[in-house]
Peer 1: 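After the structure tokens below, expect a handful of questions from me.
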Amino acid sequence: MSRLGKITRRTLLVGAVAVAGGAAFGTYKIRKPVTNPLRPEHGASLNPYVIIDQQGISIIAPRAEMGQGVHTTLAALVAEELDADWESIRVLHGPPAAAYFNAALAHGALPVPDYDLKPWQRRVTQGLGAASKLLGLQVTGGSTSTVDGFERMRLAGASAREALKAVAADRLGVVRGDLRTEAGRVITPDGTEIDYRDLVEAAATRPVPQVELRHPYEWKLLGQSLPRSDMRAKVTGQAEFSTDIVLEGMKFATVRICPYLGGGMAGFDPAPALAVAGVERVLDLGDGVAVIASNTWAAMQGAEAVAIDWTPSHLPATTDAMFEQIAQAFAARPNSTMRDQGAPDDIPAGIEVEYRVPFLAHSTMEPMGATAVLQDGHLTVWVGNQAPREHLKVAAQAAGISEDNVTLHTVFLGGGFGRRVETDITRQAARIAALVPETPIRLTWSREEDMRHDFYRPAAIARMRGAVEDGRAVLFDAQIAAPSVTRAALGRIIGRQMGGPDKGHVEGAFDQPYAIPNYRVAGHLADLDVPIGFWRAVGNSFNGFFHECFIDELAHAAGRDPLQFRLDHVGVESPVAGGVLEAVRDMSDWGAPVSENVGRGVAMIWSFGTPTAVVIDLEREARGIRIARAFMACDPGLVLDPAIVRAQMESGLIYGLSAAVMGEITFTDGRADQGNFPEYDALRMFNTPRIEVGILQDNPHMGGVGEPGTPPAMPALANALFALTGQRVRSLPLLPHADFLV
Amino acid sequence: MSVSLTVNGTVRQSSLDPETPLLWVLRDEFGLTGTKFGCGVAACGACTVHIDGEAVRACQIALGDVWGPVTTIEGLSQGYTLAPLQQAWVRHQVAQCGFCQSGQIMQAAELLAQNPAPTDAEIDEAMAGNLCRCGTYSVIRAAIHDAARALNGGSAG
Ligand code: FES
Ligand code: FES
């Protein structure tokens with residue numbers, strides 16, 4: 001971390017030339033180069049992604065490492081072209097800086113299904129990356145990191161390499177083309193080796209050579225499963241998360257904020273808290289209190305002890321009333337009808353059903369936390385986060401100082417899943433640090449605080465009409481009602497209301513590659529103020545369930561095998577999507593006779609550019625229903641690190657299955673009824689299925705891998721339950737309806 | 001008043017209230033932040049450490065009740081050389097976010113100390129209290145088998 005210690009925003013690197021590998025390259029419409037934010041204490045930075053100093057090569061990952069392996073893959077992109085020695089490079093989180101904007105975030109902006117994008121539409125969406133640049137959105141999300149970094153990080157490595165070679169060529173009086181590079185050294189034809197470290201100071205002051213990228217068949221690192229750069233630190237307890245920073249004179253804090261969401265605090269009595277051994281101060285945060293103590297336990301005990309007069313929430317008093325409010329959205333005109341084919345109103349529905357899914361918590365393994373200190377008017381914050389620039393801005397506001405006086409270090413995230421885009425934890429930490437200047441504060445939320453102050457995956461309702469004829473679907477007509485995550489989250493993050501059709505609200509339903517003659521998906525935005533946010537796979541997490549369970553119903557109504565039925569509708573529309581269905585069919589030996597104690601279900605969802613199919617096998621045992629096996633196949637196109645893709649697929653699947661079996665947040669008087677794992681659990685080793693992952697690379701476009709495993713997991717499970725029991729459960733979680741092994 | 005306890009082979013004094021859970025003594029007072037807080041109610045296993053070789057939830061053991069020497073993740077390896085379990089964790093590239101992994105490794109270490117060649121079912125049973133929200137279970141199981149083979153003199157891999 002000290003390597004980046006002196007980096008401040010908007011400072012130009014001494015001797016830095018125009019940004020190599022940044023936005024100055026490539027196809028971006030806005031060509032004004034961004035400023036290199038790196039200003040190392042020692043050594044030199046060749047561009048925003050590479051620092052070389054006497055200790056070696058550090059690669060700066062502009063995205064947050066939250067378990068998805070992005071540090072490893074992004075570093076490999078640079079190292080591949082830089083010819084750095086993989087085992088000896090270090091990977092650091094990038095500081096908050098506009099240079100690290102995520103251009104791929106905008107790739108999903110057109111109201112067109114990803115599988116069906118025309119080449120010109122792809123170019124348009126790439127142009128939209130410029131909007132991310134203007135907003136400086138340095139966000140880790142949307143399964144975009146690798147797609148975004150694919151060109152610019154390789155270019156960063158390549159141009160740095162060529163700059164180093166140019167210096168060596170000058171020094172030795174040879175031509176640059178005669179030099180080669182290997183493991184952090186430039187090598188001359190006669191075998192003389194010069195370490196990059198001896199060239200870097202001069203290289204940093206040269207104009208950036210424009211270079212061609214290597215052809216994939218030359219790759220040595222990319223395409224391989226690499227040892228992850230963070231692995232050793234994570235098996236020795238050395239990896240630093242938000243509350244692992246140790247500072248001289250540090251105090252320990254926790255908060256207790258009004259649990260009646262939207263409510264506040266009329267008054268409080270700190271006396272009972274101050275009587276707890278170790279408690280030093282109770283601070284008024286407006287809508288709750290912070291307690292500062294000599295250790296976290298005392299702070300938590302103290303926070304419990306404060307007598308607080310809460311003011312009520314304005315939310316509906318019960319979860320049922322919330323669902324009623326969501327259902328009211330059906331009465332209004334839809335916000336979007338992004339799929340509208342044929343004449344759905346003219347086709348009589350053979351099936352008309354309603355589906356419901358609940359609110360969900362992110363429940364990251366690490367509860368929210370941060371470390372902060374305000375010293376001599378300068379605020380330093382350590383926080384694992386998915387949007388450093390937004391966090392920095394909020395920290396400055398909360399401390400009442402300018403952004404120039406804030407340093408924000410992104411540390412490892414103990415799980416993100418969308419939760420750590422939100423800036424609430426940073427706002428609190430900055431506020432508390434400002435209230436006790438010169439005192440370092442480690443702020444740790446209790447699990448209860450974390451679960452009751454989440455930005456939840458919204459509850460949603462789908463009304464479906466469908467019909468079949470001659471073994472095929474002829475009508476698929478969906479109306480989907482939920483509060484809008486896009487509006488809620490982007491409103492908070494960029495401070496402006498997004499109007500227009502909300503694609504995120506219907507993704508996973510309107511954009512699926514099925515050929516159905518009368519096919520309509522309408523999105524209705526519900527007016528309900530529960531705090532909601534990005535939850536792994538976002539809209540796909542509920543729409544995938546609606547879409548793929550209903551397809552299953554249509555298949556059974558048509559008297560067809562549900563996998564073959566899907567293939568018949570998908571294969572023509574998208575051979576790539578058909579490929580993943582065929583893969584899980586073969587992997588699972590679908591169609592072979594199974595015992596009557598086994599039920600199999602299938603689902604396929606195309607999300608974040610990657611079609612992913614799942615087959616789930618359930619087995620009835622004496623103690624309950626076991627999720628015995630899962631077969632997954634995905635096609636993210638070109639694969640940069642197969643082991644990481646596999647890990648992300650398993651991870652996404654388990655996250656989805658956990659939610660589908662037992663995930664549910666309910667509210668009473670605006671307060672979440674669930675506070676800790678005993679009430680909001682997840683799958684554990686004993687009830688997680690054996691998982692087989694097939695990775696295809698037929699997709700001509702690169703897709704994400706962090707989220708696409710989640711959406712198909714839930715409907716595949718519900719469809720398997722139907723196969724096992726004959727019971728069609730149209731709401732989640734499933735546990736109230738079936739005795740899963742838990 | 002101070003409480004004396006042995007942590008990773010070193011005798012240390014804690015000045016915290018004896019009711020304080022061991023977890024916070026380790027993290028806040030001793031700076032041993034490898035042991036994690038996940039729930040505080042014995043439901044996640046992130047805080048797992050050993051007392052006298054037994055895997056316990058440090059969020060549930062009061063400082064005053066610690067009955068033997070404490071080993072944390074920081075004390076598992078010998079200097080730079082990783083313990084066999086940690087090596088297996090690296091070979092299988094287990095960690096994703098990594099937040100649960102200290103607890104997983106400490107739980108697995110107790111299992112292998114008691115049962116040098118556990119079956120799948122025995123592993124599932126022993127690890128049931130350790131949650132991993134990233135879903136690394138399959139590689140954890142594989143790494144435990146692998147470490148068991150290595151410890152029994154077989155070849156790892
Ligand atoms: S923190 Fe101790 S078991 Fe969860
Ligand atoms: S690795 Fe993230 S919780 Fe286990």
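Chain letters run A, B, ... following the sequence lines, proteins first, then strands; residues in each count from 1.
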Peer 1: With a 4.5 angstrom heavy-atom cut-off, could you sort out which part of A:Asn295 is near chain B: side chain, backbone, both or neither?
Peer 2: both
Peer 1: Residue by residue, scan residues 114-135 of chain B and write down, ordered by number, those that have a heavy-atom distance under 4.5 Å to chain A; if none do, write 'none'.
Peer 2: B:Asp120, B:Ile123, B:Asp124, B:Met127, B:Ala128, B:Gly129, B:Asn130, B:Leu131, B:Cys132, B:Arg133, B:Cys134, B:Gly135
Peer 1: Can you tell me how far the OG1 atom of B:Thr48 sits from the CZ atom of B:Arg57, to the nearest 0.5 Å?
Peer 2: 3.5 Å
Peer 1: Which bit of A:Glu366 is near chain B, if near means a heavy-atom gap under 4.5 Å: side chain, backbone, both or neither?
Peer 2: both
Peer 1: Out of the candidates B:Leu63, B:Val66, B:Thr20, only one should pair with B:Ser14 under the side-chain contact (heavy atoms from CB on, under 4.5 Å) rule; please name it.
Peer 2: B:Leu63
Peer 1: If you take all heavy atoms of A:Lys234 and A:Ala239, which pair is closest and at what distance?
Peer 2: CG-CB, 3.8 Å
Peer 1: Measuring heavy-atom distances to chain B, does A:Ala643 have an atom under 4.5 Å in its side chain, in its backbone, in both, or in neither?
Peer 2: neither
Peer 1: For B:Trp89 and B:Gln104, which heavy atoms make the closest approach, and how far apart are they?
Peer 2: CZ2-CB, 4.0 Å
Peer 1: State whether A:Arg442 and B:Asp28 are salt-bridged, where the test is any N-O pair (Lys NZ or Arg NE/NH1/NH2 against Asp/Glu carboxylate O) under 4.0 Å.
Peer 2: yes
Peer 1: I want to check something: taking the side chain as every heavy atom from C-beta on, are B:Cys97 and A:Leu413 in contact at a cut-off of under 4.5 Å?
Peer 2: no
Peer 1: Would you say B:Gln60 has more than 12 foreign heavy atoms packed within less than 6.0 Å of its CD?
Peer 2: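 Enclosed: over 12 neighbouring heavy atoms sit under 6.0 Å from CD of B:Gln60.
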Peer 1: Parallel, tilted or perpendicular: which describes the rings of A:Tyr655 and A:Trp535, with under 30° parallel and over 60° perpendicular?
Peer 2: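 The arrangement is tilted - the two ring planes meet at 30° to 60°.
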Peer 1: Check whether A:Leu226 gets within reach of chain B through its side chain, its backbone, both or neither, counting any heavy atom under 4.5 Å.
Peer 2: backbone
Peer 1: Are A:Arg626 and A:Phe686 in a cation-pi contact, defined as NZ or CZ under 6.0 Å from the six-membered ring centre and within 45° of the axis?
Peer 2: no
Peer 1: Name the region of A:Asp230, side chain, backbone, both or neither, that has any atom closer than 4.5 Å to a heavy atom of chain B.
Peer 2: side chain
Peer 1: Please check if the number of heavy atoms outside B:Gln78 that lie under 6.0 Å from its CD is greater than 12.
Peer 2: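 Count not over threshold, so no.
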Peer 1: Do you know which of B:Ala83, B:Ala43, B:Cys44, B:Pro21 has the most heavy-atom pairs with chain A at a distance under 4.5 angstrom?
Peer 2: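 Sorted descending by pairs with chain A, the first entry is B:Pro21.
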Peer 1: Answer with side chain, backbone, both or neither: which region of A:Thr243 has an atom nearer than 4.5 Å to a non-hydrogen atom of chain B?
Peer 2: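 A:Thr243 touches chain B through backbone and side-chain heavy atoms alike.
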Peer 1: Could you tell me which portion of A:Met365 (side chain, backbone, both or neither) has an atom closer than 4.5 angstrom to a non-hydrogen atom of chain B?
Peer 2: both
Peer 1: What part of A:Phe252 is in contact with chain B, defined as an atom under 4.5 angstrom from a non-hydrogen atom: side chain, backbone, both or neither?
Peer 2: side chain
Peer 1: Less than 4.5 Å to any heavy atom of chain B: does that hold for the side chain of A:Met451, its backbone, both, or neither?
Peer 2: neither
Peer 1: Which pair of heavy atoms, one from B:Met106 and one from B:Thr71, lies closest together, and at what distance?
Peer 2: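 Closest approach of B:Met106 to B:Thr71, heavy atoms only: CE-O, 3.4 Å.
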Peer 1: Using non-hydrogen atoms and a 4.5 Å limit, figure out which bit of A:Asp681 sits close to chain B: side chain, backbone, both or neither.
Peer 2: side chain
Peer 1: In terms of heavy-atom proximity below 4.5 Å to chain B, should A:Pro227 be classed as side chain, backbone, both, or neither?
Peer 2: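 Both parts, heavy atoms under 4.5 Å.
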Peer 1: I need the residue from B:Ser15, B:Gly34, B:Ala95 with the largest number of non-hydrogen atom pairs under 4.5 Å to chain A.
Peer 2: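 Heavy-atom pair counts peak at B:Ala95.
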Peer 1: Tell me which of these, B:Val139, B:Leu82, B:Ile105, has more heavy-atom pairs under 4.5 Å with chain A than the rest.
Peer 2: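 The answer is B:Leu82.
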